[in-house]
Amino acid sequence: MNTNKHIGRFAPSPTGRMHLGNVYAALFSWLSVKSKGGEWLLRIEDLDPQRSRKEYALMAEEDLRWLGLEWDLGGTERRGESDISYTQSERGEIYEAHLRLLRDAGLTYPCYCTRADIMATQAPHETDGRIVYAGTCRPDNRGEHGSERRTDRAAATRLIVPDENICFVDQHYGPQQVNLANHCGDFVVRRSDGAWAYQLAVVVDDALMGVTEVVRGCDLLLSCAQQIYLYRLLGYSTPAFGHIPLLCNEAGQRLSKRDKSLDMSVLREQYTPEQLLGLIAYTTGQTDKMEPLSTNELMTIFDWNKLPAENIILGC
Ligand code: GLU
Ligand code: ZN
């Protein structure tokens, strides 16, 4: 691994066709790292076996190519015999080895509760509602209930978190501090059905793939604290974090796969790649008039400081 290199990444979950919000996140991670002369990596975050489909990953690749966003590393195709997999569903052994380290250090415990682990493979975008785990199954809390924990269902694995502030500086949102005990409590690193949790996989992957900067939607800003805690426990250095405001519909909700009129199958019929890039550039404050732009033109004018902090409401 080249340690001087800047490596950024885009990490889509292939649970539907990409929409404008995904394209914008892809574009900003590309711009941020490419404007430094770095490399851009594409990782497929298909941790949830029920919701992920290979065909959506392939479509995402096709949509990125259509836009002119070529990745230097990763993607669904292995580039050579020795290339690692950049698809999370193929990286289970690596996550297992890291979980073993945490388990051997006495930092994890089995949890038989039913709710939060259902959400755990998904990145906890804030609009999805956050659950603070009360520590019910923590070894020191088990008491009389603990000895008779149910064995008729499989356990999720939780990581013990400290009751202290984790501090970090986001490139766009500035200094942050999060107390994990209040923010989420002991969190799931492996679901009871065996699926790997987003928080563990994202840290292991970003660390092992040499990612130096993480650029993504600001609904994941506070997740950094969970991730930084994991980086520390696993002995990896933390990348730089730069979160971007969300694109929202008129109701003020983050764009999602439900906003069908903004999905790539529709957008590609309405716009050329340059028009779509120009639209995103204008909407995000990069330009003051709406005009078609190529990826390279956009790179020369790209400026983090022009990006607003507040979420961006689309009036379409
Ligand atoms: N896979 C996540 C998503 O689609 C992105 C997670 C990340 O960038 O850390 O929203
Ligand atoms: Zn529990």
Side-chain angles (χ1 to χ4, degrees), residues 8-19 21-26 28-30 32 40-48 51-52 56-57 60 74 86-89 108-128 131-143 145-146 149-150 153-160 170 184-192 196-207 209 211 213-228 230-231 239 241-244 246-247 254-257:
R9 57 33 159 218
F10 176 52
S13 301
T15 55
R17 186 81 184 254
M18 285 215 295
H19 56 73
N22 306 122
V23 171
Y24 152 69
F28 273 70
S29 67
W30 185 91
S32 176
W40 192 56
L41 180 154
L42 176 63
R43 181 170 67 237
I44 309 301
E45 299 210 327
D46 60 346
L47 289 176
D48 189 336
R51 298 176 67 226
S52 305
Y56 289 129
Y86 292 85
T87 298
Q88 290 189 325
S89 60
T108 65
Y109 59 89
C111 164
Y112 297 88
C113 306
T114 49
R115 272 169 71 208
D117 62 325
I118 295 158
M119 305 291 289
T121 58
Q122 290 157 50
H125 300 289
E126 269 163 39
T127 47
D128 297 347
I131 299 161
V132 181
Y133 181 65
T136 319
C137 302
R138 225 197 227 216
D140 47 311
N141 281 350
R142 269 184 207 152
H145 300 294
R149 290 311 294 185
R150 299 175 51 174
R153 72 181 290 264
T157 306
R158 283 185 187 271
L159 180 71
I160 296 176
D170 183 78
C184 55
D186 298 342
F187 60 89
V188 173
V189 284
R190 190 172 201 181
R191 279 195 337 196
S192 59
W196 296 99
Y198 160 76
Q199 301 291 3
L200 179 71
V202 78
V203 168
V204 169
D205 287 351
D206 282 337
M209 294 173 187
V211 168
E213 59 170 72
V214 169
V215 174
R216 60 185 174 196
C218 69
D219 49 350
L220 290 170
L221 177 63
L222 300 181
S223 278
C224 283
Q226 277 154 280
Q227 293 166 19
I228 289 167
L230 273 166
Y231 277 103
F241 291 103
H243 288 76
I244 58 178
L246 304 181
L247 295 188
R254 164 181 178 266
L255 290 189
S256 77
K257 288 168 179 142

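In listed order, ligands and their atoms are each counted from 1.
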Practice item. Look at the rings of W40 and F10 and say which category their plane angle falls in: under 30° parallel, 30 to 60° tilted, over 60° perpendicular. Key: parallel
Review point. Is there a side-chain contact between M209 and R43 (heavy atoms, below 4.5 Å)?
Key: yes
Check your understanding: With a cut-off of 4.0 Å, which atoms of ligand 1 are near a heavy atom of S13?
Key -> 1 (N), 2 (C), 3 (C), 4 (O)
Review point. When you measure from the side chain of R153 to the backbone N and O of C113, does any donor-acceptor pair fall under 3.5 Å?
Key: yes
Check your understanding: Which ligand 1 atoms, with their elements, are less than 4.0 angstrom from a heavy-atom of E45?
Key -> 1 (N), 2 (C), 5 (C), 6 (C)
**Study point:** Backbone or side-chain N/O/S of T136 under 2.8 Å of the Zn ion (ligand 2)
**Key:** no
Practice item. Measure the spacing between CG of N22 and OG of S256 and express it to the nearest 0.5 Å. Key: 9.5 Å
Practice item. Look at atom 10 (O) of ligand 1 and say which protein heavy atom is nearest, naming residue and atom and giving the distance to 0.1 Å. Key: H125 NE2, 3.0 Å
Point to revise | With the Zn ion (ligand 2) as the apex, the SG/OH angle for C137 and Y133 - to 10° | key: 100°
Review point. Given SG of C113 on one side and SG of C111 on the other, what angle do they make at the Zn ion (ligand 2), to 10°?
Key: 110°
Point to revise | Side chain S32, main chain F28, donor-acceptor under 3.5 Å | key: no
**Study point:** Nearest-neighbour protein heavy atom for atom 5 (C) of ligand 1, which is reported as residue plus atom name and distance
**Key:** A11 O, 3.4 Å
Review point. At what distance is the nearest protein heavy atom to atom 8 (O) of ligand 1, and which residue and atom is it?
Key: R9 NH1, 2.7 Å
Exercise for review: Drop me the distance from Y133's OH to R158's CZ, to the nearest 0.5 angstrom.
Suggested key: 5.0 Å
Review point. Rounded to the nearest 0.5 Å, what separation is found between the OG1 atom of T15 and the CD atom of E45?
Key: 11.0 Å
Review point. Do any nitrogen or oxygen atoms of V202 lie less than 3.5 angstrom from nitrogen or oxygen atoms of ligand 1?
Key: no
Exercise for review: Answer with side chain, backbone, both or neither: which part of Y198 has a heavy atom less than 4.0 angstrom from an atom of ligand 1?
Suggested key: side chain
Review point. Quick one: which ligand 1 atoms are inside 4.0 Å of a heavy atom on R216?
Key: 7 (C), 8 (O), 9 (O)
Check your understanding: Measuring from R190:CZ to L200:CG, what's the distance to the nearest 0.5 Å?
Key -> 9.5 Å
